[in-house]
Structure formats: C-alpha cells, structure tokens
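These notes concern the structure reproduced below.
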Protein chains: 2
Amino acid sequence: MTNKSNLNNLTKSEEDYLKALFQLLVEDDSEKVGNNLLADYLNVSPASTNNMVKKLKTKNYVVSEKYGKLDLTEQGKSIAVRLIRKHRLWETFLCKYLNFSWDEVHEVAEQLEHIKSSKLIDELDRFMDFPEKDPHGEIIPNADGEYAVLPKIMLSSLAEGEVCKLIAVDDGSVNFLKYVSEIGLALSSEIKVIEVREFDNSIRIQFNDTIETVTRKFADNVFVKKLV
Amino acid sequence: MTNKSNLNNLTKSEEDYLKALFQLLVEDDSEKVGNNLLADYLNVSPASTNNMVKKLKTKNYVVSEKYGKLDLTEQGKSIAVRLIRKHRLWETFLCKYLNFSWDEVHEVAEQLEHIKSSKLIDELDRFMDFPEKDPHGEIIPNADGEYAVLPKIMLSSLAEGEVCKLIAVDDGSVNFLKYVSEIGLALSSEIKVIEVREFDNSIRIQFNDTIETVTRKFADNVFVKKLV
DNA sequence: TTGATTTGTTAGTCATGGCTAACTTTTTTA
DNA sequence: TAAAAAAGTTAGCCATGACTAACAAATCAA
C-alpha cells in the first residue's frame, strides 16, 4: 500500500512548507515543532504558517491539534523526501558537472527541486550513476523514497585532542557555507580539536596545517565522524 | 550600451508573456500581434492579457498604443531571447544526456527555462560544448543573446516531385511531435513530395521507403531545406 | 456607409499566499 | 499560583494573476 501514484499537484509554497517541516522533525530531530518555529525556519509570519498548515491538514499532509505541535502524515513525509532527493541530486549535478562550488549550489537547487517530472530526476540519478551522497555529505534518498539520516556528531561535542573527519555541514545558510569554504574546510577534511575554551565555548581546531578558532555556533553546524 | 546587468526580477507569468509575444512577433513573423492573438497563444482570457500587457508597458518591456498592435522593446526582446536560449539548451540536455525523446522535452523545458541562474545555464552550455541547435533543429541563441531565425521553408510550400531534408519542426504541440516521431520522421530525414492533392490540400510524401499522406496543417509545421 | 463581427478594454470577482494587529491559549517564572 | 512571556489563532488587508460580463472601438461586408 505504498502511495506511488502521486500526481503531486502541490504549489511551490506547499512543497516548501512540507520540506521545512520534515527537516525540523526528522533531520533536526526537534522535540516539538510548532507554528512559530516553522514560521521562523521559513522566514514568514506565524499567521502565514498557520494558514498554510490549516490547508495542508485538510489535504492530509499534516496533522496537529489546536495549539498543539505539528506532525507529518506518511503522505506528507513522502512528498518531503522526494523534494530532498531532488534537491540533493541537483546539488550533486551542479558540483560534479557544472563547476559549482559547495556554497553556490543550495540556492539554485532550491529552485530546481520544484521541477515536476519524475523522469527528469530518475534519469539525472542514472546519468550520475546513482550517487549515494550529495556534495555536503548528506545521503540521497533513492527513487523509492527510502530515507536515511546520517548519524551526525557535532564538531562541538568532541573533547580536546580528538580527531575526526568532516562528513556534513548544515546547509541552511549561504553565509555559513561560504565561511566554511573560505577557511579551507572541505568534505573529508581531517580535523583535530586542539583546545576547547570553556568561558566562551569556542574551539581551536587544526586541519591541513591550518589552525583556526571557531565559535560554538559554528561547531554546532559542522558534523563529523570520530577517527579512532 | 548593451543591457547586460539584468536582475531579471520577473515573475514566471511575466516571462511567459514576453516569450510568447516574441515568438509571435519574431519567429512566426506575424503581421499584427494583438491582445486576443496573444491571449489565444497563451490559453488565457483577453482580459488577463490586457492586464499583463499594461503591467509590462509600465516596466518598459512592451510598447503599444490603445487599441493598437503590440511590440517588444529591446529590453523585452532581450528577456525573451534569454528564455528561448534556456529552453533550447535544456531541451538539448534532456535529449542528449537524459534519454528524453523529441516529444517529451518541451513540457519539462517549459519549467526549467524559468530557473534563475546565469551561471547554471552558461555552465550547462559549456558542459554540452556549446551546441548550435536544439533537438527540434532550432538555433540556440548564445550567451550574448544573439538570435538567428532559421530560414524556414514549410513542407507545404513544395511542389510535386521536389526533394527536401527535414531541418526543424514547430515544437508548440506535444501531440504533433508525437505524431511526427510515430510515423518515423526525424531530423535530417529526406522527404520527397509525391503528390499534392488540391481538393483538401493534403500531401503524399515518401521517406525511408515509407509513403504517408499528411494534412496541410501537418505540412505547415514541418520545416525543410530543399535539396537541389 | 452602415450594421455586424471582431478585437480591445474596463469593472468586478476569485484563489493563493503573503502581511499586521489584536486576541486567546499555553507555558514559564517569580 | 498568578502575572508575564511565549506561542498559536483570527480577522482583515494587500498584490498577483486568473476569470466573466459588459461595454467600446475598429474592421469587415453587404
């Protein structure tokens, strides 16, 4: 009883809300996702969000009780995963074939993910030989909508002396991505935590013979795998 | 004094109208393009068209006098050519790399042409090694917006006995493209006019050992180059 | 040339998806 | 536990871009 035949008659806005909700619920694994958090995430007013949520509830993509937290139905999740698949495949294409850099892909992929054609995205997938991860290191859902979240460890959770490999960064902000690139960090960079400063939570890290100090906020957005 | 730095803050609708107007004016080389013709072409009501034309006039993309015919400004043309460039490059990409057939590309390209990123389209152009023609045989405008119309001769203009090569088809209708493919015609097919029937304007043509009868309407949408 | 037909325009309506301002409910905290 | 803060909701507004119905201008044809 999989919902395969989705005509996907959703507007760009509806899709944006569903994807955002999914990212807050599943990827960020938030405790409670409410109206205002979703509004904040999308940079719209709570009133707009309330409106849209109402609409998505009647369409059976979202469930919630009055004044209660929001959740996605299986249908809603399915739409969101499909969008994430499209987003990540396009990001991969832009980087691997069209000379886009890490920090340039997000904005264009945000547009491309709304193109409606399953043939397009499945053929793009095939053309690139079914890549498993996007340029930010995130796993790309397959055509059946199977979704896996990387077991993410934040750089900020490491102790002094530990060594890790960069596997992903939060791609929500262009400025952040630009900064990550600029200081010379890239996917698979090996990072060693030199010092954790208690008083302001900043962290001194070493990579490629470079030493940098980064803020806690920065370290919260960088996901790594511990090395031994 | 070329207008290069176009922020292109146009909506999808505005772009659609400009492109349609361009196609009627320049590609179809129509005598007089009025409100209703444009409305018809876009499948919207004359009232909607009137509304939009008014808006595009204040934005300096369109010129016209009250109750007079419509025309594009240089700015308007520039936008339209850019859209046509994007459309044709995407069509080429879909056919050459993503296994789309002749008749499938149009609909998806209609969506893709609205993606806003000059880097995207210029890199796509480079990736395909600057193709000159799209899968329907139309010339692709280059990055500077230089536009060339193929000197088109309609199949319907040939006399009995003449031989020609198919160089382009009008890609306005999916059904038409499908039909062209189905009867076995392709770009560069050699076609011989066997018979022109005066009473209903139908034409009997021969190609690849096949003989088919096609209507006048069909022959009006098939563009050829005469052979000797 | 005058009436009919076609073409263009205007007014007013609707849906979508934003917004602010004001209000209500829930949660926090003093 | 009661007041303050935060979160959620509602009402009412705006722009965009469709629509229909009614009207005006231009063109065609008898």
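Keep in mind the model is a prediction, meaning the values are calculated, not measured. In what follows, every chain begins at residue 1, and chains take the letters A, B, ... in the order their sequences are listed.
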Handout entry: Whole-Å distance separating the CG atom of N36(B) from the C1' atom of dC23(D)
Key = 14 Å

Fill in the blank from the handout: Here the distance between atom P of dG17(C) and atom CG of L10(A), to the nearest Å, is 10 Å

Practice task
List in chain and number order the residues that pass salt bridge (Lys or Arg N to Asp or Glu O under 4.0 Å) with K12(B), two or more places apart in sequence or in another chain; answer none if no residue qualifies.
Solution key: D16(B)

Practice task
Rounded to the nearest angstrom, tell me the gap between atom CG in L38(B) and atom P in dG8(C).
Solution key: 10 Å

Problem - Sequence-aligned protein contact record of nucleotides 22-27 of chain C, with B where the base is within under 4.0 Å of a protein heavy atom and S where only the sugar-phosphate is - result: ---SS-

Practice task
Measure centre to centre between the rings of H136(B) and H106(B), then say whether the value is under 6.0 Å.
Solution key: no

Handout entry: Whole-Å distance separating the NZ atom of K59(B) from the C1' atom of dT16(D)
Key = 10 Å

Practice task
Using atom CG of D40(A) as one end and atom P of dC19(C) as the other, report the distance to the nearest whole Å.
Solution key: 12 Å

Practice task
Please work out if S13(A) contacts a base, only the sugar-phosphate, or nothing of the nucleic acid, heavy-atom cut-off 4.0 Å.
Solution key: sugar-phosphate

Practice task
Respond yes when some side-chain nitrogen or oxygen of S45(A) is under 4.0 Å from OP1 or OP2 of dG18(C), and no when none is.
Solution key: no

Exercise for the section: Decide whether a cation-pi geometry holds between K119(A) and F100(B); the criteria are a distance under 6.0 Å from NZ or CZ to the six-membered ring centre and an angle within 45° of the ring axis. Expected result: yes

Handout entry: Ring center gap for Y97(A) and Y97(B) short of 6.0 angstrom
Key = no

Practice task
Taking salt bridge (Lys or Arg N to Asp or Glu O under 4.0 Å) as the test, write out the residues that go with E160(B), two or more places apart.
Solution key: none

Practice task
Please check the phosphate of dG17(D) (OP1 and OP2 only) for any side-chain N or O of T11(B) closer than 4.0 Å.
Solution key: yes

Handout entry: Short N-O contact, D125(B) and R85(B), less than 4.0 angstrom
Key = yes

Fill in the blank from the handout: Here the distance between atom C1' of dT9(D) and atom CD of E65(A), to the nearest Å, is 16 Å

Handout entry: Between dA7(D) (P) and Y41(A) (OH): distance, integer Å
Key = 18 Å

Completion exercise
Contact check, residues 46-58 of chain A vs DNA chain D, heavy-atom distance under 4.0 Å, returns P46(A), A47(A), N50(A), K54(A)

Problem - L42(A) CG to dG18(C) P, straight-line distance once rounded to whole Å - result: 8 Å

Handout entry: side-chain N/O N35(B) vs dT9(C) OP1/OP2, d < 4.0 Å
Key = yes

Practice task
Hey, could you give me the CZ/NZ distance between F127(B) and K96(A), rounded to the nearest 0.5 Å?
Solution key: 11.0 Å

Fill in the blank from the handout: Sorted by chain and residue number, the salt bridge (Lys or Arg N to Asp or Glu O under 4.0 Å) partners of E14(B) (sequence neighbours excluded) come out as K55(B), K59(B)

Completion exercise
Sorted by chain and number, sequence neighbours left out, ring pair (Phe, Tyr, Trp, His ring centres under 6.0 Å) with F218(A) holds for F176(A), Y179(A)

